[in-house]
Structures are given as C-alpha cells and as structure tokens.
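Here is how names work: the chains are called A, B, and so on, in the same order as the sequence lines, proteins then strands, and each is numbered from 1.
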Amino acid sequence: MQITVEALAHLLNGNVVGNGDVLLHTVAKIEEGTEGALSFLSNPKYEEHIYTTGSSAVLVSRSFEPTKFVATTLVQVDDPYAAFTFLLEKFANPAAQLSGIEPMSFVHENAKLGEGVYVGAFAYVSDGVEVGQNTKIFPQVFLGAKVKIGSNCTLFAGVKIYHECVIGDNCIIHSGTVVGSDGFGFAPLADRSYKKIPQTGNVIIEQDVEIGANCTIDRATMGSTIVRKGVKLDNLVQVAHNVEVGEHTVMAAQSGLAGSTKIGKFVVIGGQVAIAGHLQIANGNQFGGQSGVLGNIVDEDKKWFGTPVLEVRDSLRASAVNRRLPELLKRLEEVEKELKKLKNE
Amino acid sequence: MQITVEALAHLLNGNVVGNGDVLLHTVAKIEEGTEGALSFLSNPKYEEHIYTTGSSAVLVSRSFEPTKFVATTLVQVDDPYAAFTFLLEKFANPAAQLSGIEPMSFVHENAKLGEGVYVGAFAYVSDGVEVGQNTKIFPQVFLGAKVKIGSNCTLFAGVKIYHECVIGDNCIIHSGTVVGSDGFGFAPLADRSYKKIPQTGNVIIEQDVEIGANCTIDRATMGSTIVRKGVKLDNLVQVAHNVEVGEHTVMAAQSGLAGSTKIGKFVVIGGQVAIAGHLQIANGNQFGGQSGVLGNIVDEDKKWFGTPVLEVRDSLRASAVNRRLPELLKRLEEVEKELKKLKNE
Amino acid sequence: MQITVEALAHLLNGNVVGNGDVLLHTVAKIEEGTEGALSFLSNPKYEEHIYTTGSSAVLVSRSFEPTKFVATTLVQVDDPYAAFTFLLEKFANPAAQLSGIEPMSFVHENAKLGEGVYVGAFAYVSDGVEVGQNTKIFPQVFLGAKVKIGSNCTLFAGVKIYHECVIGDNCIIHSGTVVGSDGFGFAPLADRSYKKIPQTGNVIIEQDVEIGANCTIDRATMGSTIVRKGVKLDNLVQVAHNVEVGEHTVMAAQSGLAGSTKIGKFVVIGGQVAIAGHLQIANGNQFGGQSGVLGNIVDEDKKWFGTPVLEVRDSLRASAVNRRLPELLKRLEEVEKELKKLKNE
C-alpha cells in the first residue's frame, strides 16, 4: 500500500479535510499511529485520540465535528469502519496479486486449473485435481488425486489436502492444516493388538469456510466428514472422521470433536473444548473454554461450562462452593460433634 | 476401483446372485448406497437395509437367506466384513500404486532406497538415509541425515523426520507430523533466563505403528524416545523427550505425554488427556477424555477420569454431588442454624 | 563426532587419566554407556556408576578421587557438565555445518541473505526477505514477503513464516511451526454468519527464543503479536493475535493463549493450560498442567492449578475433599436425620 490521501478519498467517495498530498503506506490503531499510517475513528468514546494521534490520516464519519484542534488529515466517509475494512481487504491481502504457475511446481497434466489461479513453487497438484478461478495455491501445498477446490480460495503455504477431498468457493485454509488424513479407526483383535479399518470416505468443506493453521480434519470411514458453509475454525483444531459441523459454527483454538458427532448451526465452541463421539449438539449452543461434553445437547441456545458440562450459571456456582470445600468439611465435622454432644446430654 | 461384480466375486472366491455384469466404482454403507457402489451386510440387525439399498451389489454371508425381494446383486462370501476390508485395502489405498523417484525430489547420493520405493517431488532424502522396500515417501517429506525407515511404510505429504531417527516396518505416518524435534530441555540460570540443554538422542518407532496428522514426537536428551510396536496415535498428539509408549497402546487426538514418562502396553488414552512427566503407567489402564494424571499408576487394567484422575466410578459419583454443592451448602447452613437454636433452648 | 580422548581433552583443556587413544563416536548417560561413548560425572550421588560404566571415557571434576578401580578413561576438567554441554553443542548440532544455497530452492532476486546462510532445497524465500549471517533455513521452509530473520537462527524443515513477520537473532524454530497466520477475528452479522476482520499486523519474535514443533503464532489484527526475548515454547502451543509473551517465559506443550492477553516475564505455563483473552498475568506466576485462567493475575510469583485456577495449595485441598463428596453428602443426610429426631423429642 502506497497511496496519497487524495487518491484514497477518491476511492472511498470521501472528502479530505487537511493536506491531501500526504503519502500513506500502512495502517494503525488511532492510539498507536505513526507517520504514514491511516487510522479510523468509529466509536465516539475514542474521540480524544484524534487530537493526539501520530497517524497521518484518519477516516471519520461525515457527521464528526472536532471540538479541539486536529493536526492530522481527516477523510470524511459514510461509515469509517466499513471503509477501513474495505481498504484492508483491498491492500493488505498477501494473495491478492499472485497469479500464474511458478516454475518448480508440479501440476499433473490431467489437472484442470481455472483462470487467474496461482500455483507457487514446490506445490504438488495431482492427477485429476480441479481448481476454480482465482484460487491461490501457495508454495509447498499438496493436493492429492481428484481433489476439487472451488473459486476464490486461498491455501497458504504447506496446506495438505488428501485425495478426493472437496473444498467449496471462497475458503481460506492456513499453513500446516491437513484435510483428509485417515480417521482413527482400528478394530481390536483377540491378542489386544489393533487392525486398521480402511478410511475410504472423504472430507467435504462447503463455501465461505476459514480454517486456521495446523488443524486436522480426518476423512470419513465411508461417506464424508462435512464442514458446512460459513464455519470458522481457529488453529490446532481437530475434527474427527464422520463429523458434521453445522453452518456458521465457530471453534476456538485447540478444541476437538470426536468421531461421528454432529454439531448444529451457530454453535460457539471455546478453546480446548472436547466434544465426545457420536453426539448431537443442537443449534446455537455455546461452550466455555476447556469444557468437556459427554452427552447429547437437545435444547438450543444455551451456555455451558466445565467437565462434564453444566449450564454456565450452575457451573460457576458449583465452582464457587467447590473452592470452599475444606471449610465445609470442617463445618460438617463441627456439626457432627455438637450433635453428638447434644444427644449425649 | 472399477470392476464388475463377476470379477469381484472371482477375487473373493464368492458366488454371484443376480446380475454379475454390473460395474462397481465405489463403496458405501448399505443404508447410504448409490448406483455403482458396493456394500456389505454383516450384522443381522441391519438386514432390513438390504431390501431398500441403493447400492449395486452387497457382500453377504453364505448363510444369508433373504426374507423379501432383493433388487441389488448379492455376492455370497465366507465373511462379508473381512472381504470388504480386504477390498478396501486393495483398491482404496492411495499409496498402493506409487513407485519410482519423481523428478524435482532430492535424494542424496549416499542414501539407500529399497526396491519399489516411491519418492514424491519436493521430498528431501538426506545423506546416509536408508529406506526399506516398497515404502512410499510422499511429496514434501523431509528425512534428516542417517534416518532409517523400514519396509512397507507410508509417509504422507509433508512428514518431517529429523536426523538419526528410526522407523520400523509397516508404519503409517500422516501429513504434518514431526518426529525427532528437540525435547523441551532448558537449564534455568541465575538471572531467570534459560540455557538450552542439547538434545542429542533420537526417536525409535517400532513396526506396525500408525501416527496421525500434525503430531509431535521429540527426540531424547540422550538415548531414545521409544514408541513400541503396534501403537496407534491420533492427530495432534504430543510425545515428549525420553518417553516410552508401550506396545499396542492407543492415544486419541490432542493428548500429551510429558518428559520421561513410561506408558505400559495396551493402555487406552482418551482425547486431550495429559500425563505428567517421570511417571510409570501400568499395562491396560484406560483414561477418559481430558483426564490429567499426576502420579504413578501401579495397578493394571483400571479406568480413570478427571483431573487429578480418580477411578471412573468415583469420579462420576463425585461429579454428581459436585453439581449439587450450592444446595449442600444451603442444607449445611440450615443444619447449623437449627443446631444453634436447639442448643439455646 | 569421531575423536580420540586425547584430542577431546586438548579441546577441553583437561587431563587424561588412562588410555588417551580410545576413539569416541557418541555420548551416553553414565549408567547407559556403551563402547565408544563419552559420559560425564557431575553429581556425586551418581559416583557408583563410574566403577561399572560401559562408556569408553568419562568427564570428571579435577577434584574427583576414585575410591575403587576405574576401568574407563577419565578426563579431568573444571566443570564436567559444562564441558559436556559444550561438546554437544559443537558436535551434535545438525545445522552446524550447513551452508550455501541448494539447487531447487527459490530465493527471490530482491531477498538479502547474510554470509554463511544455508537455504535448503524446496525452501521458498520471497521478495524483500532479509536473513542475517549464519542462519540455517532447512528444506521446505516458507518465508513470506518482507520477512526479516536475524543472525544465527535455525528454522527446521517446513517452518512457515507469513509476510512481514520479524524474527530476532539466535532463534530456533522447529518443523511445522507457523508464524503469522491470520488471527481469529470475525464480526458477527445480523443473520448469525461471520465477516472476516482483516488481520493486517504481524508477529515480532525477539532474540534467543526457541519454538517447538507444530506451534501456531497468529499475526495481530493491527500492530504486532510479540514474543519477547528468551521465551521458550514447547510443541503444539497456540499464541493468538495481539498477545504479548514476556521475557524468559516458558510454555509447555499444547498450552494456549487467547487474543490480546499480556503475559509477564519469567512466567511458567504447564502443558494444556489455557489462558483466556484480554487478560494481564503478572511476572513469575506458575500454572500447573491443564489449568484454566479466566481472570487477571495481579500478584507476582504465585503458583496456580485447576479450572478456574486456585492457588495450588487451595486447589489440591479442594480436590482432596472433592473426591470425598459422596461420603460428605451421606454424612450431611445423617446429620439432618438425627437433628430432626432430636427436634421431635
């Protein structure tokens, strides 16, 4: 990003108040601004910062009227936060300008790549792969045989997608994430060793899904492990074989879903949460960090915490008493003693 | 997989009942069958599905006698589930047909590769590496100096094995797993900073081990971190330096073993379990998900749950009362009040 | 490593007692010694082992006087442990002798590499990258645009550093670790779907930091996620966007820090610990494995355990009573019964 305030205002259909020739090359929070940075003021409670900011320009609402002297250049727009986000998407996306097939990549002759696709060096695109338009495949990505990737996706460096998995449009997958590894399925034998159960299904990830770094999403034993549209997974998340994650559900870092569990829509799963296998979780439930879920959750839109989970309110109440247990034990012993005395009298 | 029912039956030494010319190209659960799919019926409680299945053919026991009209083609075999598994291993293994050294891989001139070995593009095979027959090394794998890999192994895309580590025969390691990274060993100094303790041992993984995606198994400080034969690790599992995991032990996703701990044989470790360092865990113990183990476990074959672990039975009983703690506190207060009243009388 | 005891003693400024011609090629604990191995005796409580060790040579203190017959060769030095560590660093470092740019790597013409830098095959060094002297970049590493890496760093195979992140001098990053992936930031919309908030900051890692395998450190939304000097992270650790980890803090495997949390200096975080977002943790606090921290910690140098955390002492006391809860409930019921009887009398 390297742009004058004037050019920026033109792009945003905004008005410049101050010096339009100033050159901008980065963004910053208004309270952390530096020369050459663009900030925004959206929430009135941060107004004080605009009089002291080091940023060279600030996006403000058209209705904003300064009550003191302003040193920085202002750009008046309809919605400063929306305008700022628009700029970030346009200028700060590292994948935006990449296209073409880099030398030292491998693209199988039977792979089909859409227009505007980028394939970085050391990426491996196997036989029968199909990739939609404008999708960016960073260096060192692996796409197994017959993988299908939609349009406008970004697969960051080192993502691994096993054979026959399917990724929808507008998905973002961060580095190190593995999609389609074998589910953890073994049949115990008489001698207490285990025999592998072949995992012959795949993973289907629908559109508008973002998956963080170093996640693992296993292929189904048969059929598909499914991640529905709009799901957002943080880093180091585990999704086991034959799981289904419902639309617009979010999972924070290091959380995990055991095999065959079905998660509803709009569910919110905190960090390090574990949900056991073969369960059904209804829409809109929320789980606090480190919760452990051992049974089905039938009601919608409740909040849970603890292992095994209780409703948050009950869990916090029980915790509050739990830390007083040594005191309670003493009081109980006292009561027993007194009672004995009374009986003896 | 693309095979006629007739050819399939021949391969399985089975008998066709129905149309043997039908072409099969996939597999499915009997209740989710589609045209061109093969299913199996093993457990009699699923018999109803055979009368309605969309699959083109179903493997059945020789003793199976339909009680209604069957539209699909049947293949009678001795053991339908075993036959099905045999087929999956034969046809659904993505590594089965790979062999040869792909261009754009790096194989050091002092590396020794057995017959039938596959090395994918962008894989790096260092000085002094030895790889046994028919082992498949997918693209982007890294084998450090003097690594030894047995025969009939599969290392999926992007596996990293540090120098001098040893992997036995018939092992499967999934994408992103790291074997042989430095153990977490630091000596605290007087100024509260830390000095690295060199980690000069290695990792030894015996035969028939399967390791999931994005696991980490650290090399020993001196000597070896050891994973015994038949062990199965799920995804995102952590095995610290100088740990030993006993034969045929299984660990579910996101579980971790701290340094120098010795796990016995046939142990079952649930998801997100943590076992502290320098412990001994006897054979056959089982740990429920999210358990935390802080001391040795001397008895064999017990079941544990919670942090710190209790035997499952005790843990669940304590949990059941724990959630009633606010009520218990109230009852205790009531008792104290009444008792005071009684004493005053 | 292949060296005579004589040459070794010369290197360490030590004196040989016994046969100086013996050839050493490995190291071992004194109690696990084998022919050709070097061990050390530092702690007098292990003295017995020196009379039975299988090692070919042992480093001992100049003040050590054997009380029995010693078969192995001794090398007298000022500080046996320090001398041993010095040797390990010199001989057992797999990166020590690597240098030069391997063919089949990609180094952008605008990248600047210092003297003695190693770039392995299939590594990708983007436009505008700067790498300091003697830094070792193993195969399959990815360095995004404008990444800055200091001097004397080691980035093991497959490390991924996103654009604009900064790594200080003397850092070690193990395989599979991802630095600079997008923070988990999404704005909820009216229809309960989510809109991505662009993550335009970076990650700054200061000098002398070691990061284990398969960790994830997200870039800031704006500004920087910061890991201060001397920090040590074990494997599979999660550091969310806008977090700051203070100097010389250590985090064990599978622990995680949620967004915007500030961790002080000298903090010790056990395995699988979770610390919630937007918190402040004072210097020198220690957290036992699997702890969950839900609030600020203002006092320094305390020890914590449990979810939610209590001081270790209180947590263990509460746990001790917690397991007796079913018994307590029975005793309370008994008391209530007796009291009722008394009142009726």
Under 4.5 Å from any heavy atom of chain C, what part of Phe86(A) do you find: side chain, backbone, both or neither?
neither
Can you tell me which of Pro188(C), Cys215(C), Ala123(C) forms the most heavy-atom pairs within a distance under 4.5 Å of chain A?
Ala123(C)
If you check every heavy atom in residues 156-164 of chain C against those of chain A, which residues fall under 4.5 Å?
Lys160(C), Tyr162(C), His163(C)
Phe305(A) versus Leu294(C), closest heavy-atom pair with distance:
CZ-CD1, 3.9 Å
Bottom line for Thr85(A): the part with an atom under 4.5 Å from chain C's heavy atoms is both
Within residues 322-329 of chain A, which positions have a heavy-atom distance to chain C below 4.5 Å?
Asn322(A), Arg323(A), Leu325(A), Pro326(A), Leu329(A)
Side chain, backbone, both or neither: which part of Ala28(A) has a heavy atom under 4.5 Å from chain C?
backbone
Side-chain touch Tyr81(A)/Ile197(C), heavy atoms, less than 4.5 angstrom:
yes
Are there more than 12 heavy atoms of other residues, nucleotides or ligands under 6.0 Å from atom NZ of Lys262(C)?
yes
Atom pair NZ (Lys341(C)) and CG (Leu339(A)), whose distance is rounded to the nearest 0.5 Å:
9.5 Å
Separation between NZ of Lys196(C) and CG of Leu88(A), rounded to the nearest 0.5 Å
11.0 Å
Smallest separation among heavy atoms of Gln140(A) and Val141(C), with atom names:
NE2-O, 3.0 Å
Output for pair (Thr216(C) OG1, His174(A) NE2), nearest 0.5 Å, gives 11.0 Å
Checking heavy atoms, do the side chain of Phe122(C), its backbone, both or neither come under 4.5 Å from chain A?
both
Which region of Ser126(C), side chain (C-beta onward) or backbone (N, CA, C, O), has a non-hydrogen atom less than 4.5 Å from a non-hydrogen atom of chain A, or is it both or neither?
neither
OH-CZ distance between Tyr124(C) and Phe138(A), expressed to the nearest 0.5 angstrom:
8.5 Å
Report, by ascending residue number, the residues of residues 247-255 of chain A in heavy-atom contact with chain C at a distance under 4.5 Å; give 'none' if the set is empty.
His248(A), Val250(A), Met251(A), Ala252(A), Ala253(A), Gln254(A)
Is the closest basic N to carboxylate O distance between Arg192(C) and Asp301(A) below 4.0 Å?
yes
Verify the neighbour count for atom NZ of Lys265(A): are there more than 12 heavy atoms of other residues, nucleotides or ligands below 6.0 Å?
no
Looking at Tyr46(A), I want to see if its OH is surrounded by more than 12 non-hydrogen atoms of other residues, nucleotides or ligands under 6.0 Å.
no
First locate atom CG of Asn242(C), then atom NZ of Lys29(A), and finally report the distance between them rounded to the nearest 0.5 Å.
5.0 Å
Heavy atoms only, distances under 4.5 angstrom: which of Leu342(A), Leu233(A), Leu316(A), Val335(A) has the most pairs with chain C? Name it, please.
Leu233(A)
Approximate separation, where rounding is to 0.5 Å, of Arg331(A) CZ and Leu332(C) CG:
11.0 Å
Need one label for Val321(A): side chain, backbone, both or neither, based on atoms under 4.5 Å from any heavy atom in chain C.
neither
Heavy-atom pairs under 4.5 Å with chain C: which of Lys229(A), Glu32(A), Glu102(A) has the most?
Glu102(A)
Given a strict heavy-atom distance threshold of 4.5 Å, which part of Val273(C) is in contact with chain A: side chain, backbone, both, or neither?
backbone
Which residue in the set Leu236(A), Asn214(A), Asn235(A) passes side chain to side chain contact (heavy atoms under 4.5 Å, CB included) when paired with Leu236(C)?
Leu236(A)
Name the region of Ser224(C), side chain, backbone, both or neither, that has any atom closer than 4.5 Å to a heavy atom of chain A.
neither
Checking Asp218(C) against Asp234(A) for the side-chain contact (heavy atoms from CB on, under 4.5 Å) test, could you report, in this order, the C-alpha distance in whole Å, the side-chain angles of both residues, the deciding distance, and whether it holds?
CA-CA 10 Å; Asp218(C) 280 350; Asp234(A) 199 349; 4.1 Å; yes
Checking Tyr194(C) now: which residues fulfil side chain to side chain donor-acceptor pair (under 3.5 Å) with it, not counting sequence neighbours?
none
For the backbone of Ser291(C) and the side chain of Gln290(A), can you confirm whether one donor and one acceptor N or O come within less than 3.5 Å of each other?
yes
Tell me, for Ala240(C) versus chain A, whether the close heavy atoms (under 4.5 Å) come from the side chain, the backbone, both or neither.
neither
Segment of Ala274(C) engaging chain A (4.5 angstrom heavy-atom cut-off):
both
Val179(C) portion near chain A, given a 4.5 angstrom heavy-atom threshold:
neither
Heavy-atom cut-off 4.5 Å, strictly under: side chain, backbone, both or neither for Val293(C) against chain A?
neither
